[in-house]
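Only one structure is covered here, and it is reproduced in the block below.
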Amino acid sequence: MTRILITSALPYINGVKHLGNLSGSMLPADVYARYRRARGDEVMFVCATDEHGTPAELAALEAGQDVEAYCTEQHEIQKSLGERFGCSWAVFGRSSSPQNRELTQHFARALWKQGLLEVRTTKQVYSHAEKRFLPDRYVIGTCPHCGYERARGDQCENCTRVLDPTDLIDARSALSGSREIEIRDSAHLFLKQSQFVGRLREWIDGHEKDWPALVKSIARKWLDEGLNDRGITRDLSWGVPVPDDIGDGQLAGKVFYVWFDAPIEYIGATKEWADANGRGDEWLKWWRPENPSDVTYVEFMAKDNVPFHTVGFPVTIMGSGENWKLVDRIKGFNWLTYYGGKFSTSQKRGVFMDKALEIQPADAWRWYLTFNAPEGADSSFTWEHFAGTVNKDLADVFGNFVNRITRFTASRFEGKVPGEGEYGEDEKALEADLDSRIAKYAAYMNDIEYRKALTELRAIWVAGNEYLTKAAPWTHFKTDTTKAAVGVRMGLNLVRLFACLSAPVIPTIAKAAYEAFAPAPETLPWPDRPMADYLDGLEAGAAVTPPAVLVAKITDEFVEAWKARFGGAE
RNA sequence: GGCAGCGUAGCUCAGCGGUAGAGCAGGGGAAUCAUAAUCCCUUGGUCGGGGGUUCAAAUCCCUCCGCUGCUACCA
């Protein structure tokens, strides 16, 4: 049995995520996890909240909570939303967990021992008003280049020049506006990434064929531009503390930078899973397998995350000198846009996970977002497109197929699978067509090419409708019930087939369709047999219960209402 | 400024060296089991502009225009 380790980029803790976050990591990872399980693989699917860092502290401040309570609450909200979207992770952990603290410190010590960490003194902005250090972007002032008055300390948004906080004229805190800020020396740990350029390049080149162009291109860009050593600690209180035995106490009171500890939480969360389920050291079999090829590790993320997964985290792993599992496949996504623009929390533009579930069931979103995954380029969400896709694909082509044949069975065949008659030429042609289409569908799923995979899946549903039109059991029923029975039996078998093939993407709808015949198991069985065999698998005389309408259609009125509510094409 | 991606039918996208494709929308027809759902046929593009390489370019190169994103202390 193949062992597949799947991680989804960790959603940041500061509030409910929008559909873009869902479509770029959690959802595609879940579809893949469900698919691999259906194919009989042993799957470890891991996700967690990324909780450390300044934005979390500030969000907590704004919410009037202490940061730990805030994170605990937000973690529960995100966990619940993910589950309601059908995310079938083994564990949804927290980067603030004791397990991650221990592992993060472990990796830091390992890197320290390998001589890959170095203490350097850096200039940091300290604000007296907030009594804290400020990240560069939280310092604002007048841009020395263009005179823009609200330039950020990391970059001027007006002239796009990269800045240093010390460049700013009339620098002040972006939080309080206070000008009582000063530059202080502060010691930090730097990871000597620059030493790894050769190894990283070799590693990336080794994945020429199995990584998307997007991922390779972003990764190489970083290497080509000259990889700088990177500061991995921060002057904050909310984070994994730097252990005393690193840096001779020069780093007392500091924490690791979120980008150091967040990817380690993939491992931490797996340990959280083991600890919570009494699995002892079983997490190690995923992360430190005896032979690296015992586990296939696949990461899902949007493009903003690619550098950290192709450079930062691999350097941590490689530099540790220990045999931790390095990622095998990286599936990177572009952005899902909202009417061509950015989803924006601050501008309340776009759709967020909680609101999305208020207006449509999870599977409608799952289908739309997977079918329109931003694989090759940014992909534009519009309400019209969403409604059209749900109505046409899910309700009409799939849902109605299930409905028409099961109800016909109920009204004309006493709600039982008819056993009369033999399959003929039309059935054989359909079986051959489906054998070939299912093979293509599976191949695209193996490649994690969702647009192509779902195009094929939809074509499979269409083939069912084509068949039924041709077989026309409602016509034959009047003159030749045996001939009608053949068409109905095939139609019913197709329902079960479609349910099993579709389950990774639309688990709830698939389950409901499957239950026309029998209670559904946790994972619907993949049709691993030739169609000639599979499509006569339902037992003659078995009861057929037409499910309630599987997919409700979305009316134009709803589309208009949603556009008004969420902000539409302006 | 630098870097990356994109610009193909009304819309969303695929194709990435060999005489333009899909889904939706539009038009016509068939059928009536079904959520007026399905099935068949069909209109529609000088592949952003210009130049070049080639027997042959949407596909490779150059250049221009437009859109989007990233630019390492937001994650």
Side-chain angles (χ1 to χ4, degrees), chain A residues 9-14 21 50 52-56 58 122 124-125 133-139 145 152-155 159-162 164-165 188 193 213-214 217-218 220-222 224-231 234-236 257-259 262 303-308 311-312 334-335 337 340-342 371-372 375-382 384-385 388-389 391-397 399-412 449 451-452 454-455 458-459 462 464-475 477 484 487-488 491 546 548-553:
Chain A
L10 308 186
Y12 196 65
I13 195 69
N14 65 343
N21 300 107
D50 175 12
H52 295 134
T54 310
L58 297 178
T122 62
Q124 299 295 324
V125 177
F133 283 92
L134 296 176
D136 291 358
R137 70 173 329 223
Y138 289 105
V139 182
H145 303 288
R152 293 191 331 217
D154 55 343
Q155 180 183 28
C159 67
T160 74
R161 281 196 177 82
V162 174
D164 190 89
H188 283 287
Q193 295 189 138
L214 174 76
S217 142
I218 293 174
R220 286 183 177 133
K221 182 197 131 192
W222 278 58
D224 292 345
E225 289 182 357
L227 195 57
N228 295 338
D229 294 339
R230 181 154 201 180
R234 292 290 181 273
D235 290 294
L236 293 178
Y257 179 34
V258 277
W259 271 113
K303 60 186 172 185
D304 57 331
N305 260 307
V306 171
F308 304 100
V311 176
N334 288 280
W335 304 116
T337 66
K342 224 179 168 183
F371 204 178
N372 296 289
E375 288 177 322
D378 291 354
S379 176
S380 176
F381 174 89
T382 69
E384 293 84 351
H385 191 207
T389 304
N391 287 347
K392 197 67 196 173
D393 299 346
L394 282 189
D396 296 348
V397 177
N400 182 57
F401 178 83
V402 174
N403 194 242
R404 66 196 294 210
I405 190 63
T406 54
R407 291 191 53 183
F408 187 71
T409 305
S411 64
R412 308 293 156 84
E449 290 285 346
R451 281 172 176 268
K452 289 173 180 167
L454 296 213
T455 297
R458 187 187 190 281
V462 168
N465 280 303
E466 281 171 22
Y467 168 80
L468 217 53
T469 298
K470 207 169 174 186
W474 45 87
T475 303
F477 186 77
V488 169
V549 166
L550 292 177
V551 183
K553 306 244 293 195

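Letters A, B, ... mirror the listed sequences (proteins, then strands); counts begin at 1. Owing to the predicted nature of the structure, the values given are computational and were not obtained by experimental measurement.
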Measure the distance from [atom1] on [X] to [atom2] on [N] and round it to the nearest whole Å.
| X | N | atom1 | atom2 | answer |
| --- | --- | --- | --- | --- |
| A/Asp136 | B/C73 | CG | C1' | 4 Å |
| A/Phe401 | B/A36 | CZ | C1' | 19 Å |
| A/His188 | B/C73 | NE2 | P | 12 Å |
| A/Tyr12 | B/C73 | OH | C1' | 13 Å |
| A/Tyr467 | B/C33 | OH | P | 17 Å |
| A/Gln124 | B/C73 | CD | C1' | 7 Å |
| A/His52 | B/C74 | NE2 | C1' | 16 Å |
| A/Asn334 | B/G7 | CG | C1' | 14 Å |

Rounded to whole angstrom, note down the [atom1] distance from [N] over to [M].
| N | M | atom1 | value |
| --- | --- | --- | --- |
| B/A9 | B/A20 | P | 15 Å |
| B/A14 | B/G28 | C1' | 28 Å |
| B/A37 | B/U43 | P | 25 Å |
| B/A4 | B/A56 | P | 30 Å |
| B/U32 | B/U46 | C1' | 44 Å |
| B/U59 | B/G5 | P | 16 Å |
| B/C65 | B/G49 | P | 15 Å |
| B/G7 | B/G48 | C1' | 6 Å |

Could I get the full list of side-chain contact (heavy atoms from CB on, under 4.5 Å) partners for [X], not counting sequence neighbours?
| X | answer |
| --- | --- |
| A/Phe477 | A/Phe408, A/Arg412, A/Phe413, A/Thr481, A/Ala484 |
| A/Asp235 | A/Gln124, A/Phe133, A/Ser186, A/His188, A/Lys254 |
| A/Lys553 | A/Asn391, A/Ala395, A/Asp396 |
| A/Val397 | A/Arg458, A/Trp461, A/Val462, A/Asn465 |

**Message:** Return whichever of A/Leu227 or A/Leu236 has its heavy-atom-nearest nucleotide of RNA chain B closer to the 5' end.
**Reply:**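 Taking each residue's closest nucleotide, the earlier one in sequence belongs to A/Leu227.
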**Prompt:** Starting at the 5' end of RNA chain B, which residue's closest nucleotide do you reach first, A/Arg230 or A/Ala395?
**Reply:**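 Going by which nucleotide is closer to the 5' end, it is A/Ala395.
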**Request:** Please determine if a side-chain N or O atom of A/Arg458 lies less than 4.0 Å away from the OP1 or OP2 oxygen of B/G23.
**Result:**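 Answer is no, no contact under 4.0 Å.
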**Request:** Please check the phosphate of B/C73 (OP1 and OP2 only) for any side-chain N or O of A/Arg137 closer than 4.0 Å.
**Result:**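 No, outside the criterion.
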Between [options], spot the one nearest the side chain of [X], thanks.
| X | options | answer |
| --- | --- | --- |
| A/Asp50 | B/A75, B/U12, B/C73 | B/A75 |
| A/Asn403 | B/A34, B/C33, B/G69 | B/A34 |
| A/Trp222 | B/C24, B/A75, B/A72 | B/A72 |
| A/Thr475 | B/U12, B/U32, B/C73 | B/U32 |

**Request:** Output yes if the stacking criterion (under 5.5 Å between centres, under 30° between planes) is met for A/Phe408 over the base of B/C33, else no.
**Result:**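 Check failed, A/Phe408 does not stack on base of B/C33.
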Sort me out a list of protein N/O and nucleotides 38-40 of chain B N/O pairs below 3.5 Å, or just none if empty.
{"unit_1": "B/U38", "atom_1": "OP1", "unit_2": "A/Lys392", "atom_2": "NZ", "d": "2.8"}
{"unit_1": "B/U38", "atom_1": "OP2", "unit_2": "A/Lys392", "atom_2": "NZ", "d": "3.3"}
{"unit_1": "B/U38", "atom_1": "O2'", "unit_2": "A/Arg404", "atom_2": "NH1", "d": "3.3"}
{"unit_1": "B/U38", "atom_1": "O2'", "unit_2": "A/Thr469", "atom_2": "OG1", "d": "3.3"}
{"unit_1": "B/C39", "atom_1": "O4'", "unit_2": "A/Thr469", "atom_2": "OG1", "d": "3.2"}
{"unit_1": "B/C40", "atom_1": "OP1", "unit_2": "A/Glu466", "atom_2": "OE2", "d": "3.2"}

[X]: which residues meet the salt bridge (Lys or Arg N to Asp or Glu O under 4.0 Å) condition with it, sequence neighbours left out?
| X | answer |
| --- | --- |
| A/Lys470 | A/Asp426 |
| A/Glu375 | A/Lys331 |
| A/Asp304 | none |
| A/Asp136 | none |

Just to be sure I understand the rule, does [X] reach a base, reach only the sugar-phosphate, or reach nothing, if contact means heavy atoms closer than 4.0 Å?
| X | value |
| --- | --- |
| A/Gly399 | base |
| A/Val549 | base |
| A/Leu550 | base |
| A/Tyr257 | sugar-phosphate |

**Asked** Hey, what do you get for NE2 (A/His52) to OH (A/Tyr12), rounding to the nearest 0.5 Å?
**Response**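 If we round to the nearest 0.5 Å, A/His52:NE2 and A/Tyr12:OH are 9.0 Å apart.
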**Item:** Non-hydrogen atoms of A/Val311 and A/Gln193 that approach each other most closely
**Value:**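 Between these two residues, the closest heavy atoms are CG1-OE1, 3.8 Å.
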**Request:** Quick one: closest heavy-atom pair of A/Gly231 and A/Arg234, and the distance?
**Result:**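 In terms of heavy atoms, the two residues are closest at O-NH1, 3.6 Å.
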**Request:** Could you give me the CA-CA distance, side-chain angles and deciding distance for A/Asn372 and A/His385, then say whether side chain to side chain contact (heavy atoms under 4.5 Å, CB included) is met?
**Result:** CA-CA 10 Å; A/Asn372 296 289; A/His385 191 207; 3.2 Å; yes
**Message:** What verdict does the side chain to side chain contact (heavy atoms under 4.5 Å, CB included) test give for A/Leu236 and A/Tyr257, after you've listed the backbone C-alpha separation in whole Å, the side-chain angles of each residue and the deciding distance to 0.1 Å?
**Reply:** CA-CA 9 Å; A/Leu236 293 178; A/Tyr257 179 34; over 6 Å; no
**Prompt:** By side-chain hydrogen bond (donor to acceptor under 3.5 Å, both in side chains), which residues pair with A/Ser379, not counting sequence neighbours?
**Reply:**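 Partners of A/Ser379 by the side-chain hydrogen bond (donor to acceptor under 3.5 Å, both in side chains) criterion, ordered by chain and then number, come out as A/Arg451.
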**Under the 3.5 Å Watson-Crick or G-U criterion, the dot-bracket string of RNA chain B, with | for inter-strand pairs** = ((((((((.[[[[.).....]]]].(((((.......))))).....(((((.......))))))))))))....
Report all interatomic pairs (protein N or O, nucleotide N or O of nucleotides 13-15 of chain B) with separations under 3.5 Å.
{"unit_1": "B/C13", "atom_1": "OP1", "unit_2": "A/Asp378", "atom_2": "O", "d": "3.4"}
{"unit_1": "B/C13", "atom_1": "OP1", "unit_2": "A/Ser380", "atom_2": "N", "d": "3.1"}
{"unit_1": "B/C13", "atom_1": "O2'", "unit_2": "A/Arg451", "atom_2": "NH1", "d": "3.4"}
{"unit_1": "B/G15", "atom_1": "OP1", "unit_2": "A/Lys452", "atom_2": "NZ", "d": "3.4"}

